Amino acid sequence: MKRVLVVGGGGREHAIIRALLRSPQRPELLAAPGNAGIARDRIPCLDVGPEDVDGIVRAAADEQVDLVVVGPEAPLVGGVADALSDAGIAAFGPTAAAARIEGSKTYAKELMREVGVPTASYMVLRSGKEAEAQLPCASYPAVLKADVLAAGKGVIICENEAAARAAVETFFGERRFGETEVVLEEFLEGEELSLLALCDGERAVPMAPAQDYKRIFDGDEGPNTGGMGSYSPVPGIDREHARALALVAHQPVIDELRRRGTPYHGVLYAGLMMTANGPRVLEYNCRFGDPETQAILPRLRSDLLDLLERSTRPGGLEGVTIEWSPEWAVTIVLASRGYPESSSRGDLIRGLRSIDSIHTELLHAGTAERDGELVTAGGRVLNVTGIGATPGAARESAYAAADQIAFEGKQLRRDIAARAVERT
Ligand code: AMP
Ligand code: GLY
């Protein structure tokens, strides 16, 4: 029997574990560090943090696992896939060299420019002085981005030059994101689309498209979060369209990284803006999206374990088509009070038992056990994914479950997938 270690402890990793539990190969699963919901699924959770690269390698060796599936970006950028491969352990996820595509925005932009992937025009600002000189010539709105991993929070959209000056002050004066270069980029308008593709070093095979909701409040108001909801598929993006987008957004990068001797294995996530002038890549992530994965994987009909293993082998995905359920999935994130600025913890969670487990999948993100009861553990607490024959049905199931769950200060958006319902 195969043994698989999943690294991470959020809703994304819980969704990966649920999909692996559906694999006909019936793998034995482990998580590091996992969470209370993963433990409730009777998956052993190891006391190893997701950023502890040495600890992950040691745990994988001790537990004699056949495959390590890495959820979050930080260990990938930190070289966990390289360290595992040095220890002779298969890892799903790119090497540090390939993961730079998420770790450095300037690297990603240069790569896109080199291979002709359509993206917003940009320039790199290396100091406050350089910014001073450039801001008067920029057109507004403009976008300023710190060149570090900042979980989406390092991006500031500036309506005018005064706002851009204030943003520059947070980057270069206050140094809110530490020592970093800043990307100044053209503001793009359109609808966003998350297109994830499995990559075997040679080819990119797109998964079902998804859309996520980054702002905390309804109508895309308020600060950016890690993500407040998602749905899949996306009206108007059929399999052919997704394939065409992957040829534009993913394949040129895969070809170039292979040519450079740093082939990309794992999942490559392209955040796209569908503008009036065609698709533009806003960013790449070197991992599954959170919360997109919670809406994508429940619809997967192929064996996830087989797909992940194939991705680790050069050319392993040749001839593979990924099968999807025709159903829709809508994921609602339930966040704790104060999120995203702060987050409360230790509040009792009620109502989980009465949830309809046929039409919804309940995933844990920030929960903990306390004296046999489930309590919040900060940030995004729970995710509920509703499944249905139409976006409307999926959405209704998701909100019915979300409304049954109660904890002090619960926050959720009420408009997740409303657009998808309107359009179908
Ligand atoms: P990023 O981390 O680069 O994906 O940026 C986070 C979010 O900021 C994106 O999901 C968009 O909503 C927004 N954003 C980033 N770049 C642009 C851009 N050039 N034009 C408009 N919005 C952007
Ligand atoms: N949902 C956005 C992300 O995973 O980065």
Side-chain angles (χ1 to χ4, degrees), residues 8 10-13 15-16 70-74 76-77 99 101-109 112 117-123 138-159 163-164 167 177 180 182-196 207 209-216 219-232 234 249 267-277 279-297 331-333 335 340 365 379-380 383 413 416:
R12 165 182 53 205
E13 287 75 21
I16 291 171
V70 184
E73 62 277 16
L76 292 167
V77 173
I101 198 154
E102 175 167 3
S104 164
K105 290 199 185 285
T106 52
Y107 172 80
K109 288 299 257 187
M112 284 189 259
V117 169
T119 185
S121 61
Y122 74 103
M123 65 169 55
S139 57
Y140 293 93
V143 185
L144 287 165
K145 301 183 179 185
D147 192 20
V148 288
L149 284 182
K153 292 168 193 146
V155 175
I156 306 181
I157 294 171
C158 308
E159 289 301 324
F177 300 94
T180 172
V182 171
V183 174
L184 166 64
E185 146 176 325
E186 171 198 8
F187 176 79
L188 296 174
E189 271 178 292
E191 212 161 301
E192 286 185 55
L193 178 75
S194 302
L195 188 65
L196 285 62
M207 303 187 84
Q211 210 157 49
D212 82 339
Y213 290 77
K214 291 200 168 72
R215 306 291 195 96
I216 183 77
D220 293 327
E221 302 283 344
N224 263 344
T225 68
M228 292 299 290
S230 60
Y231 63 88
S232 175
V234 176
V267 61
L268 179 61
Y269 162 143
L272 298 162
M273 186 73 91
M274 308 300 277
T275 75
N277 300 319
R280 301 280 183 274
V281 174
L282 289 180
E283 63 158 350
Y284 290 111
N285 293 321
C286 65
R287 47 157 177 95
F288 282 106
D290 188 342
E292 288 94 328
T293 305
Q294 292 90 310
I296 292 173
L297 290 185
T331 301
I332 316 291
V333 171
R380 292 183 288 173
N383 311 148
R413 275 182 67 158
I416 305 300

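Because the structure is predicted, anything quoted here is derived from the model rather than measured. Just follow the structure's listing: the first ligand is 1, and inside any ligand the first atom is 1.
In terms of polar-atom proximity, defined here as any N/O pair under 3.5 Å, Glu283 makes no such contact with ligand 2. Note: no N/O pair closer than 3.5 Å links Asn224 and ligand 1 by distance alone. Every N/O-N/O distance between Lys214 and ligand 2 stays at or above 3.5 Å.
Using modelled atom types and a 3.5 Å distance limit, the side chains of Thr331 and Asn383 yield no donor-acceptor pair.
Using a non-hydrogen distance threshold of 4.0 Å, Glu189 does not register as a contact of ligand 1. The shortest separation from a heavy atom of Phe288 to ligand 2 is not under 4.0 Å, leaving the residue out of contact.
Regarding atom 5 (O) of ligand 2, its nearest protein heavy-atom neighbour is Arg287 NH2, 2.9 Å.
Counting the atoms of ligand 1 from 1 in the order shown, those under 4.0 Å from a heavy atom of Lys145 are 3 (O), 15 (C), 16 (N). With ligand atoms numbered from 1 in the order given, ligand 1 contributes 1 (P), 2 (O), 3 (O) to contacts under 4.0 Å with heavy atoms of Lys105.
Under 4.0 Å from ligand 1, the heavy atoms of Lys214 that appear belong solely to its side chain. Heavy atoms of Arg12 found under 4.0 angstrom from ligand 2: none, in either backbone or side chain.
Just one of Arg215, Arg413, Lys214 meets the salt bridge (charged side-chain N to carboxylate O under 4.0 Å, His left out) condition when paired with Asp220; it is Arg413.
Here atom 1 (P) of ligand 1 lies nearest to Glu283 when heavy atoms of Arg280, Glu283, Glu186 are compared.
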